[in-house]
Amino acid sequence: MKAIRTTLAACLVALSSLAGSPADSQLPRAESSRVDIDALLVRMTTSEKVGQLVQRMGGRQRALNSRLGPEELEKVRRGEVGSYLHVAGAEPLRELQRAAIEESRLGIPLLFAMDVVHGYRTIFPVPLALAATWDPADAESAARVAAREASAAGLHWTFAPMVDVARDPRWGRIVEGSGEDPFLGAAMAAAQVRGFQGSGLADADTIMAGTKHFGAYGAAEGGRDYAGADVSERTLRETYLPPFEAAARAGTASYMTAFNTLNGVPTTGNQAVLRDLLRGEWGYRGVMVSDWRSIEELMAHGVADTRAEAAGLALEAGVDMDMVSDVYAEELGALADADPAVMRRLDEAVRRILLVKRDLGLFDDPYKYHDTAREASIMLASDHRVEARRIAERSIVMLKNEGNVLPMAREAGRIALIGALADNAFTQLGSWRARGQEEDVVTLRTALEAVHANVTYVPEGADAAIAAARGADIIVLALGEDFDRTGEARSFAGLELPDAQNELLAAVASTGKPLVVLLMGGRPLPVPNVHEHADAVLATWFLGVEAGPAIVRTLFGDNNPAGRLPATFPRATGQVPFAYDQLPSGRPASEDLATDTVRYRDLPITPLYAFGHGLSYTTFSYGPLSLDQSTIPAGGGSVTVSVPVTNTGKWRGEEVVQLYVRDPVASVSRPVKQLRGFRRVMIEPGETRLVEFTLTAGHFALWSQGEGWQIEPGSIQLMAGGASDAISAQGELTIIGRAHGAASPASIAVESSDEGVAS
Ligand code: BGC
């Protein structure tokens, strides 16, 4: 992160005398990257300052630009707007920018923003599926393509990555993030920030990342969207914050606050986390935007009585920009004019916004994002599609493959393709589809019929499905959710498949034909009946424009699946939340119902599919784990952990080697397993590769109330394997001495996650 000079005092002296003075019109306009932000601040009237903090909607999510009429242009000319969201298009946005540059008094450029989450026009797999690649390079590449397209359409800023750790699949927004684990989540968060922001904001094909939703939005009680989060400081630090911290380290240009309360205080007015922790402790210098109307909602939360109080609280907490609630626009001017302390905060916020505009190069060339030729040529470019398909293939997780029913032979005879989701193009775009178009999607049905001559497709209806299944050699059944079951405000109390799907499953299974189930959706689904009836099960999420070809190539073995679950699949909705990194219990779970243990009596003690689970067409075996040294001083140093992994099958394939750790005795109870390393490696049949991980003492720090990150002496258990429930090699390490840690282990680990793999 860049450090910025703090010259507020100097500005403030000059403020009252110069702001808005008639001499302004003779001053040079703010048109160069050498623009002196301090000098510009001095020239701004209170109302122009407040204007910079105002983000207005240019339209609605599905009706972009629809509100950009003459009245909005007038507001821009008067300097009352700093940014627009839900806008798009090089040409229309050039016109808006022109009004700001040429017709407003100070010519300060606007920021154009949109939720470009997993693609702009070329839609990639939804973020949860991207996390299933267990390869941050894939998440980075998807974000890079998204930034290239979005920037060509006039956009400077995306509200992504969404890095909320989600451990309760009832929460519909689990689809937008990287799942349940802070370590995997931190790696994916940093990768996406790098992808959006490329080698620097000054490049015309990069956009500002908007890491969201700061706090613990993912911990909403009961998985009910917008509900409060009540988490201990340790859980906050160890579980929910690491991906945010990793995004800060990767240089995210902005953050967004969460809608909900954190331990009773709405994040949008929460000084302790926004100002003290994020800006103070982490040294974050970029922009903080509220979520949609969340400043206004401080009143509904019951922490502000009036709009003026809400404005004051949010500004004081460190929220720079007001997304659409107009509370800042209406209230801040009077508050700031009456109170120098508020004016100081206002200046800080304006400065941060002007700085990102400068970093984007907008003072230099405000129209560099408005090249219509680039826009026309880049959307859905063939190399973008190729990348979308490659990553879609890497997102697929094979959950079961009994009797090696997959891959299917090309001459597989007659295929009964069943289930409406198999031909639902729109659903494959998932939640947040930016400018993704239904007609750009190649569905499973289209892709399958393109390569196989004998496909009978039955969307629904048990009788027709049975008839088709009877006449077929193999059944491919698409089950799961459509896109509208996950996303914002899409929390559900029951995650089981609808009756009609369960009936379809039972009906086709009754034919006894080989059955492959494709499980589509944006969250872990409790589907024990699918596991029971199907010979093979693939989690295919919502895979974007290339969903069909990616699935078909996997079915026929052109792609050997290697995705892994980024979140636990429960056996029943009543089993959630059920993340893998549980604390040990005094009464460890046992299947023996005669003893009283930590479990539900009406379910087995295991999940349906564990975190990290995923199969391949080949098989792997692990050799012993070795360490280059058996001790590590708490104060520094590192240890290299290595494990040989052999491809024991006939297919070339990738294994996702996972390294878990456990601190068996510490001052506080520690999780039974915590992910601290992973590598997705290609191994040829018969080949052995040595997979290495570097661990520092900081990887084992725990959050100690009142004392911060602590590294405690004692032994650490190391476990390597292909899933959290498939540990194949173990080792032990001893930490010598005691020290303070510097940051959350998960965010440290991100920086050492791209080491090579030795053959
Ligand atoms: C969501 C944010 C999103 C914003 C703008 C809100 O409702 O919570 O994630 O960025 O809308 O579309």
Side-chain angles (χ1 to χ4, degrees), residues 54-67 82-88 111-120 126-128 143 146 150 155-166 171-178 189 192-193 196 207-220 223-229 243-244 247 252-262 266-268 287-298 300-301 314 319-327 429-436 483-484 486-491 522:
V54 173
Q55 182 172 64
R56 293 182 57 81
M57 58 173 133
R60 291 210 164 264
Q61 223 186 97
R62 315 247 182 287
L64 305 169
N65 301 350
S66 55
R67 292 174 177 239
S83 172
Y84 279 96
L85 87 161
H86 295 173
V87 288
L111 281 180
F112 299 128
M114 196 203 260
D115 296 273
V116 179
V117 175
H118 54 112
Y120 178 76
V126 290
L128 189 65
L155 294 167
H156 310 123
W157 187 8
T158 177
F159 302 128
M162 192 281 219
V163 307
D164 297 308
V165 170
W171 192 47
R173 300 198 79 166
I174 191 171
V175 65
E176 298 178 48
S178 298
Q192 289 175 82
V193 169
F196 289 128
I207 54 178
M208 291 162 58
T211 304
K212 67 190 186 184
H213 306 82
F214 193 76
Y217 186 34
R224 286 187 304 282
D225 204 7
Y226 315 124
F244 290 99
T252 184
S254 74
Y255 281 99
M256 183 187 294
T257 63
F259 281 125
N260 64 344
T261 53
L262 172 58
T267 307
T268 305
V287 166
M288 173 64 73
V289 63
S290 78
D291 202 348
W292 187 274
R293 292 192 196 286
S294 68
I295 299 183
E296 183 177 55
E297 289 176 10
L298 290 174
H301 279 295
V319 179
D320 302 316
M321 193 174 273
D322 175 354
M323 187 190 285
V324 311
S325 77
D326 270 347
V327 168
L429 298 172
S431 165
W432 295 122
R433 49 203 159 271
R435 299 298 263 170
F483 77 95
D484 209 27
T486 49
E488 186 175 348
R490 299 293 183 276
S491 294

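Remember, it's 1-based here, ligands and their atoms both numbered in the order they're listed.
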Quiz item: Quick one: does His86 get a heavy atom under 4.0 Å from ligand 1?
Solution: yes
Quiz item: What is the nearest protein non-hydrogen atom to atom 10 (O) of ligand 1, stated with its residue, atom name and distance?
Solution: Asp115 OD1, 2.5 Å
Quiz item: Which atoms of ligand 1 sit under 4.0 Å from any heavy atom of Lys212?
Solution: 2 (C), 3 (C), 9 (O), 10 (O)
Quiz item: Measuring from Tyr226:OH to Arg173:CZ, what's the distance to the nearest 0.5 Å?
Solution: 6.5 Å
Quiz prompt | Aromatic plane relationship, Phe244 with Tyr255 - under 30° parallel, 30 to 60° tilted, over 60° perpendicular | solution = tilted
Self-check item: Part of Tyr217 within contact of ligand 1 (heavy atoms, under 4.0 Å)
Solution: neither
Practice problem: Would you mind running through ligand 1 and noting each atom that sits below 4.0 Å from a heavy atom of His213? | Solution: 2 (C), 8 (O), 9 (O)
Quiz item: So which protein heavy atom does atom 7 (O) of ligand 1 come closest to, and at what separation?
Solution: Glu488 OE1, 2.8 Å
Exercise. For Arg173, counting its heavy atoms only, list the atoms of ligand 1 lying under 4.0 Å from any of them.
Key: 1 (C), 2 (C), 8 (O), 9 (O)
Practice problem: Going by the salt bridge (Lys or Arg N to Asp or Glu O under 4.0 Å) test, name the single residue among Arg435, Lys212, Arg62 that passes it with Asp115. | Solution: Lys212
Quiz item: Numbering the atoms of ligand 1 from 1, which are under 4.0 Å from a heavy atom of Met256?
Solution: 2 (C), 10 (O)
Practice problem: Give the atoms of ligand 1, by number and element, whose distance to some non-hydrogen atom of Phe159 is under 4.0 Å. | Solution: 10 (O)
Practice problem: For atom 4 (C) of ligand 1, grab the closest protein heavy atom and report residue, atom and distance to one decimal in Å. | Solution: Asp291 OD1, 3.4 Å
Quiz prompt | Close approach of Gln61 to ligand 1, heavy atoms, under 4.0 angstrom | solution = no
Exercise. Go through ligand 1 atom by atom and flag the ones less than 4.0 Å from a non-hydrogen atom of Leu85.
Key: 5 (C)
Quiz prompt | Sub-4.5 Å side-chain heavy-atom contact between Thr261 and His301 | solution = yes
Quiz prompt | 4.5 Å side-chain heavy-atom contact, Phe483 and Arg433 | solution = yes
Self-check item: Non-hydrogen side-chain atoms of Met321 and Ser83 separated by less than 4.5 Å
Solution: yes
Exercise. Could you check Phe112, Phe159, Trp292, Trp157 and say which one makes a ring pair (Phe, Tyr, Trp, His ring centres under 6.0 Å) with His86?
Key: Trp292
Exercise. Run the salt-bridge test on Arg490 and Asp225 with the 4.0 Å N-O cut-off and return the result as yes or no.
Key: no
